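In this text, all values refer to a predicted model and were calculated from it rather than measured experimentally.
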Amino acid sequence: MKLSFLIKIAVYSLLVLSCNFAFAASLPPGTPPGLYDEGNVPKFTLPDPLVMLNGDKVNDIDTWKQKRRPEILKLFETNVYGRTMIGRPAGMTWKVTAENRSDMNGLAITKTVTIYFTGKDDGPKMDVNIVLPASAAKKPVPLIAIVEWAPQRQWLLDRGYGLATFDAAQIEPDSKDGYSKSIRKFFAKPDQNQPGPDEWGAIGAWAWGLSRAMDYIVTDKDIDANKVCVAGFSRFGKVAMWAGAQDERFAIIFSGESGCGGAVIVRRGFGETVKIINIKFPYWFCGNFKDYGDRVNDLPVDWHMLVALMAPRPVYIATAEQDLWGDPRGSFLSAKYAEPVYQLFGKKGLGVEDMPPLETPVGITIGYHIRKGTHNLTDYDWQQFLNFADRHFGIKTIIKE
Ligand code: GTR
């Protein structure tokens, strides 16, 4: 009797072990340890984007715009990304420091615009590299602004879009000791050596850089100022989301596998968690965010509310099947739970109930797909972004063979 019980335990343990092993084997190599079993995702209650902190219900667009939207923005500032400490500096200037109106064998206009944040040549500055299809000379073109990790220029141009990009390090080096060389430090009080707990992190600083690039972009006659999108992949996908939330001049927001702190419901604790990201990348966020590592349910926001801040503008969220660390389902749910705010504007939002099959883009004003493969921003992702943008800008898609 005793022996058969032991045998049962042994068989059961073996079964459990082999199941775990089989599951672990299905995770892509290099995936850090974490919660990857949907069955173990805890139950949670999300804050309602349409209920004010004081309990008042938001029933109309005006109340959303005047009260709830600013309230949510402030909650993200105070608890997650930190306050953006400056706007456009009063003395800021720019100069087109290089221009070729017949680049790439006549296919492109390229230019470098140097933005002098204090108006001084020897002060902090940033080079924005712009490439536009040659057609921009006749008719202003739509454009995608992105921090690093930009797509291939050629086919972006073939589809009639321009690109503006800059290196993050010009605003702040992407490292734990980057603060001393950052714009955050430059504009801080002289004796300040670290940001206050609710002051901007590096994500906030890079997003600020996107807005300063935008200050120039809207003045460029070759670019259609009403069709400027912001995009980003991974950490810069988080930046694109935060830039899009704060700066409503961006017409469409594209987030590529932005994961925790970008587009996922963090209460799920799936893959990368608030606790882990704050340990690995403490400088990305504000000090206050660190308090939520062990009590994520106390956060007054979750990321469906960041998606909702884009409303009524279109937003597209791309994920990948094997990027479990970035929780593709968590992004889908953010898109889904942002829908009520889009509906307030008479928009459908996502328009589907369930996660779509692989490589089947869905969504109307909120777009979403999950593609095959790992953490990356691929041509497939870009094609979907541009299809989505074409649809919203009323552009007929021309795909060259
Ligand atoms: C991961 C990180 C993510 C994501 C990504 C990246 O390791 O945990 O939050 O931002 O890197 O930017 O490459």
Side-chain angles (χ1 to χ4, degrees), residues 45-88 142 145 198 200 204 207-208 210-211 214-215 217-218 224-230 238 240-255 262-263 265-267 286 299-317 331 333-353 363-368 388-389 391-394:
T45 310
L46 288 175
D48 187 331
L50 291 177
V51 176
M52 301 280 304
L53 282 180
N54 68 7
D56 286 357
K57 183 104 187 73
V58 177
N59 293 314
D60 56 84
I61 294 175
D62 263 7
T63 314
W64 167 260
K65 282 191 177 164
Q66 313 297 331
K67 295 192 173 154
R68 182 59 170 156
R69 188 178 192 283
E71 183 174 78
I72 295 178
L73 205 49
K74 185 136 207 308
L75 291 173
F76 274 106
E77 283 175 1
T78 310
N79 298 288
V80 181
Y81 303 107
R83 281 186 290 137
T84 303
M85 297 304 289
I86 48 163
R88 173 178 172 165
D198 71 337
W200 51 353
W208 177 87
L210 278 166
S211 286
M214 189 62 163
D215 294 337
I217 288 167
V218 295
D224 185 339
N226 295 315
K227 296 196 177 110
V228 181
C229 313
V230 63
K238 306 180 210 297
M241 291 292 285
W242 184 226
Q246 294 178 96
D247 191 336
E248 294 187 272
R249 293 174 298 176
F250 291 114
I252 303 183
I253 298 89
F254 298 116
S255 145
I265 297 292
V266 297
R267 277 165 173 74
C286 73
L299 260 172
V301 291
D302 213 315
W303 266 253
H304 59 310
M305 292 157 82
L306 190 64
V307 176
L309 290 180
M310 313 307 173
R313 295 166 297 157
V315 50
Y316 194 105
I317 299 167
S331 285
L333 293 174
S334 279
K336 185 72 203 151
Y337 298 137
E339 240 177 6
V341 179
Y342 279 79
Q343 284 163 356
L344 196 68
F345 284 92
K347 309 258 175 198
K348 264 227 169 74
L350 191 61
V352 297
E353 292 309 313
I364 300 157
T365 334
I366 307 174
Y368 174 88
F388 185 76
R391 190 143 51 79
H392 285 284
F393 291 152

Student: Give the C-alpha distance, both sets of side-chain angles, the deciding distance and a yes or no for salt bridge (Lys or Arg N to Asp or Glu O under 4.0 Å) between D56 and R68.
Tutor: CA-CA 10 Å; D56 286 357; R68 182 59 170 156; over 6 Å; no
Student: Looking only at atom types and distance, does a side-chain atom of W64 sit under 3.5 Å from a main-chain N or O of V58, one as donor and one as acceptor?
Tutor: no
Student: Hey, does I317 have a side-chain heavy atom less than 4.5 Å from the side chain of V307?
Tutor: yes
Student: What pairs with K227 under side-chain contact (heavy atoms from CB on, under 4.5 Å), at least two apart in sequence or on another chain?
Tutor: P142, D224, F393
Student: Between Y81 and W242, how do the two ring planes meet: parallel, tilted or perpendicular, split at 30° and 60°?
Tutor: parallel
Student: Looking at W200 and C286, would you say the former's side chain and the latter's main chain have a donor-acceptor pair under 3.5 Å?
Tutor: no
Student: Donor-acceptor pair, distance only, cut-off 3.5 Å: does the side chain of S255 make one with the backbone of M241?
Tutor: no
Student: For a 4.5 angstrom cut-off between non-hydrogen side-chain atoms, does F250 reach I217?
Tutor: no
Student: For the backbone of H304 and the side chain of D302, can you confirm whether one donor and one acceptor N or O come within less than 3.5 Å of each other?
Tutor: no
Student: Is any side-chain N of the basic residue among E339 and K347 closer than 4.0 Å to the acidic one's carboxylate O?
Tutor: no
Student: Does the R313 side chain pair with the main chain of I253, one donor and one acceptor, at a distance under 3.5 Å?
Tutor: no
Student: Given side chains that start at C-beta, do those of R267 and L299 come closer than 4.5 Å, heavy atoms only?
Tutor: yes
Student: Can you tell me if D247 uses its side chain to pair, donor with acceptor, with the backbone of A243 under 3.5 Å?
Tutor: no
